[in-house]
Amino acid sequence: MLEAEGISVSFGGVHAIQDLSFKVEKGEIFSIMGPNGAGKTTVFNLISRFYDVDEGRIAFEGEDITKVSPHAIARKGIARTFQNVELFEHETVLKNLLIAQHIHKKTSVLTEFLFTPKVRKQEIAFRRKAEDVIDLLHLQNYRETTVDSLPFGIRKIVEIGRALCMDPKLLLLDEPSSGLNPEESEDLSFWIEDINEDLGITIVMVEHDMNLIGQVSNRVLAMADGKELTTGNPEEVRVHPDVVDAYLGT
Amino acid sequence: MRFVLKTNYGRDIDIFKHRAHAAWYIVLIGLLIIAPLFLDVFYETQLTELFIWAIAGAGLMLLVGYTGLVSLGHVAFMALGAYIHAILYSRGWPLVLSIPASAIMTGGIGVLIGVASLRMTGIYLAIATLAFAMIVEKVLAHWPALTGGHSGFRVDDPTLFGLSLDSSTAYYYTCLTVLLFVFLAVINLLRSPTGRSFIAVRDSEISAQALGVNLLRTKTLAFALSAALTGLAGALYAHRIGFLFPDAFTIMTSIMLLMLVVVGGLGSLHGVVFGAFFITIVPQIIAIVRDWLPTELVQRGGLEPLTFGAVLILFLVFEPLGFYGRWVKVRLFFSQFPLYRKKTFLRQKSYLKTERVH
């Protein structure tokens, strides 16, 4: 589904990613792990097209996306969350979920000025979708709360909800469990499984928490200093000598 | 306290949240309609001016309050709207065509300026738009064949389908009608996907992009709509002052408009009305207070900019959400009386937000 072939990127003299290749199959949960500065988030930023790759190519569903503009990525069916949460802070949770359906809009500015019945119908359809996501993630209590008054844990969940509102085929989760307490982390692992199984969304996640990775992911890519260490199932990767080295040092 | 029972999603989409809400606005509009019957000409023209400022303010609010872009050049759009309308009108275009035409053309110029300058943000955008305003001012002054240059341009009296709108009452109703339509259109836009994409760009460009919002397109659209509405206000203003000359549109007007949106309350249409009220009433108050001040102070001039500046600073420090923010608090106080908690609006510490890409 998602395929990276020999991608490299450097910022000035820093080689953030060097000759990295991986392949994500449709329907799986694929994790990327590695110590700080390994280049995990950079991989996401390359897929989202916030950065340009220097070499190599990234393909999504067989289509080369290395030259697509960043806002067109969403339309291909790729949604993402951010490590430090990038919600629309001055708006309510509901509004955030509605904004996320931008790519599905079929009305023009002119009809919106007049608020024609078509616009109203579309608004109601958007609202239904938002309510489905609210039900799935138990956000009923926060519907009308503005994001800047929500605790961090809830914000992370809202951000996942916002990504789901796009109806994506592929979901990129950047450290979904960071900043969550153990209980919230556990809820999260169930949700990730639900999203994957019930909604049929392929998931790629960057994660530190080995427990979470072990619980949900099918395969893990371990990286350090911008290079691949190994790829395999969570148990193998956890005990792989290079991975142990990278985390504990030699 | 009022709890509205919502039984369908339409209730959240409707403009008015409940009957009493709608009733208040009907009362307000009704009062505005009958106002000319008992107001004298002075107050009537002041209200007309307020309507014109509110239209321009709605334009700037879309840009500053909803899209998060700043412009110090909006006076240029107002001037362009005024001149384009006056010129077309003097060449025999009917009012119903020349006013929309001036708004559309001003919007078109807004697109050009937007495409050229919207890769910039913050202070750089402010400077670019300021430069644009200066260029427009110079062009208006140095193109006498078209604009009359410094000797000015007389605006013909407004007539609509053979009906003269020249009396202050007729013009009052004209501006009120346009204002109501503008507000309805803007409210509609803001409860539609396009309006929400403006807000997305304001709050987080990076996630707006990740959600599929085309940044440049959205910003340019906001800029164009903003310019068009300000141009529309300019066209109405042309008849209000009756005689156009470049010095009627100085940078001071841009700053007044910016004042209007900030003091009114960023990100709210109520704020536009409060702000317009504020900038029409302050010069009148100054005119009254002037009589009591020592003559040396009065003759020195600059009293008006000084007052505006001081008020702006006070608002930024004590009530960043402007009059609208204050209004929300007062309303909550009464709706929860006597259970109002003082800390409700205590500003919360927010998480550190950095500029880097996450």
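Quantities reported herein were computed from a predicted structural model and do not represent experimental measurements. Heavy atoms only: backbone and side chains are in, while hydrogens, waters and symmetry mates are out. To find a chain, count down the sequence lines: A is the first, B the second, and so on, and within it residues start at 1.
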Please lay out, stage by stage, how A:E89 and B:R202 fare under the test salt bridge (Lys or Arg N to Asp or Glu O under 4.0 Å).
CA-CA 10 Å; A:E89 292 206 357; B:R202 176 191 73 190; over 6 Å; no
Go through it in stages, so that I can follow the logic: the residues are A:Q122 and B:S192, the test is side-chain contact (heavy atoms from CB on, under 4.5 Å), and I'd like the CA-CA distance, side-chain angles, deciding distance and then a yes or no.
CA-CA 9 Å; A:Q122 174 177 275; B:S192 310; over 6 Å; no
Full working for salt bridge (Lys or Arg N to Asp or Glu O under 4.0 Å) between B:D12 and A:R143
CA-CA 12 Å; B:D12 271 349; A:R143 211 183 264 126; over 6 Å; no
Passes side-chain contact (heavy atoms from CB on, under 4.5 Å), A:E86 versus B:E205? Steps please.
CA-CA 9 Å; A:E86 281 282 332; B:E205 292 198 1; over 6 Å; no
Criterion side-chain contact (heavy atoms from CB on, under 4.5 Å) on B:I187 and A:F115, from CA distance to verdict
CA-CA 9 Å; B:I187 290 170; A:F115 214 77; over 6 Å; no
Let me see the working for B:R196 and A:E123 under salt bridge (Lys or Arg N to Asp or Glu O under 4.0 Å), right down to the final yes or no.
CA-CA 12 Å; B:R196 285 195 296 263; A:E123 281 304 303; 3.0 Å; yes
Test side-chain contact (heavy atoms from CB on, under 4.5 Å) on B:L189 and A:V109 and set out the steps.
CA-CA 7 Å; B:L189 186 74; A:V109 180; 3.9 Å; yes
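Heavy atoms closer than 4.5 Å to chain B are found in the side chain of A:E131, but not in its backbone. For A:H102, the part lying under 4.5 angstrom from a heavy atom of chain B is the side chain only. Only the side chain of A:F126 comes within contact range of chain B, with heavy atoms under 4.5 Å apart. Heavy-atom distances place both the backbone and the side chain of A:R128 under 4.5 Å from chain B. Residue contact with chain B, scored on non-hydrogen atoms closer than 4.5 Å, involves the side chain of A:E144 exclusively. Neither the backbone nor the side chain of A:A72 comes within less than 4.5 Å of any heavy atom of chain B. At a 4.5 Å heavy-atom cutoff, A:I73 makes no contact with chain B through either its backbone or its side chain. At a 4.5 Å heavy-atom cutoff, the contact between A:L114 and chain B is made by backbone atoms alone.
Contact count against chain B (heavy-atom pairs under 4.5 Å) is highest for A:H90 among A:K105, A:R75, A:H90, A:M166. Counting heavy-atom pairs under 4.5 Å between each of B:G10, B:A200, B:S197 and chain A puts B:A200 at the top. Contact count against chain A (heavy-atom pairs under 4.5 Å) is highest for B:V213 among B:V213, B:N8, B:L221. Interface remark: of the candidates A:Q101, A:R127, A:H104, A:R127 forms the most heavy-atom pairs closer than 4.5 Å to chain B. Between chain A and the options B:A210, B:A208, B:G267, heavy-atom pairs under 4.5 Å are most frequent for B:A210.
Within a 6.0 Å radius of NZ in A:K121, no more than 12 heavy atoms belonging to other residues, nucleotides or ligands are found. Remark: A:E55 CD is loosely packed, at most 12 non-hydrogen atoms of other residues, nucleotides or ligands lying under 6.0 Å away. Within 6.0 Å of CZ in A:F11 there are more than 12 heavy atoms belonging to other residues, nucleotides or ligands. Surrounding CZ of B:F181 are at most 12 heavy atoms belonging to other residues, nucleotides or ligands under 6.0 Å away. Surrounding CE of A:M1 are more than 12 heavy atoms belonging to other residues, nucleotides or ligands, all under 6.0 Å away. The number of heavy atoms from other shown groups lying within 6.0 Å of CG (A:D225) does not exceed 12. Environment of CZ in B:R119: sparse, with no more than 12 heavy atoms of neighbouring residues, nucleotides or ligands closer than 6.0 Å. At most 12 heavy atoms of other shown residues, nucleotides or ligands fall within 6.0 angstrom of atom CD in A:E183.
The CD1 atom of B:I206 sits 5.5 Å away from atom CZ of A:F82, with the distance rounded to the nearest 0.5 Å.
Looking at heavy atoms from C-beta onward, B:N188 lies out of side-chain contact with A:E112 at the 4.5 angstrom threshold. Looking only at side-chain heavy atoms (C-beta outward), A:L98 and B:R191 stay at 4.5 Å or farther from each other. Here the side chains of A:R162 and B:S207 are in contact, with some heavy-atom distance below 4.5 Å. In this structure, A:F113 and B:L225 have side chains that are in contact, with non-hydrogen atoms separated by less than 4.5 Å.
Checked by atom type and distance alone, the side chain of B:S204 never pairs as donor or acceptor with a backbone atom of A:L87 at under 3.5 Å.
Using a 4.0 Å cut-off between charged side-chain N and carboxylate O, A:K95 and B:D203 make no salt bridge.
Taking both residues in full, the closest heavy atoms of A:A74 and B:L211 are given as CB-C, 3.6 Å, listed atom of the first, atom of the second, then distance.
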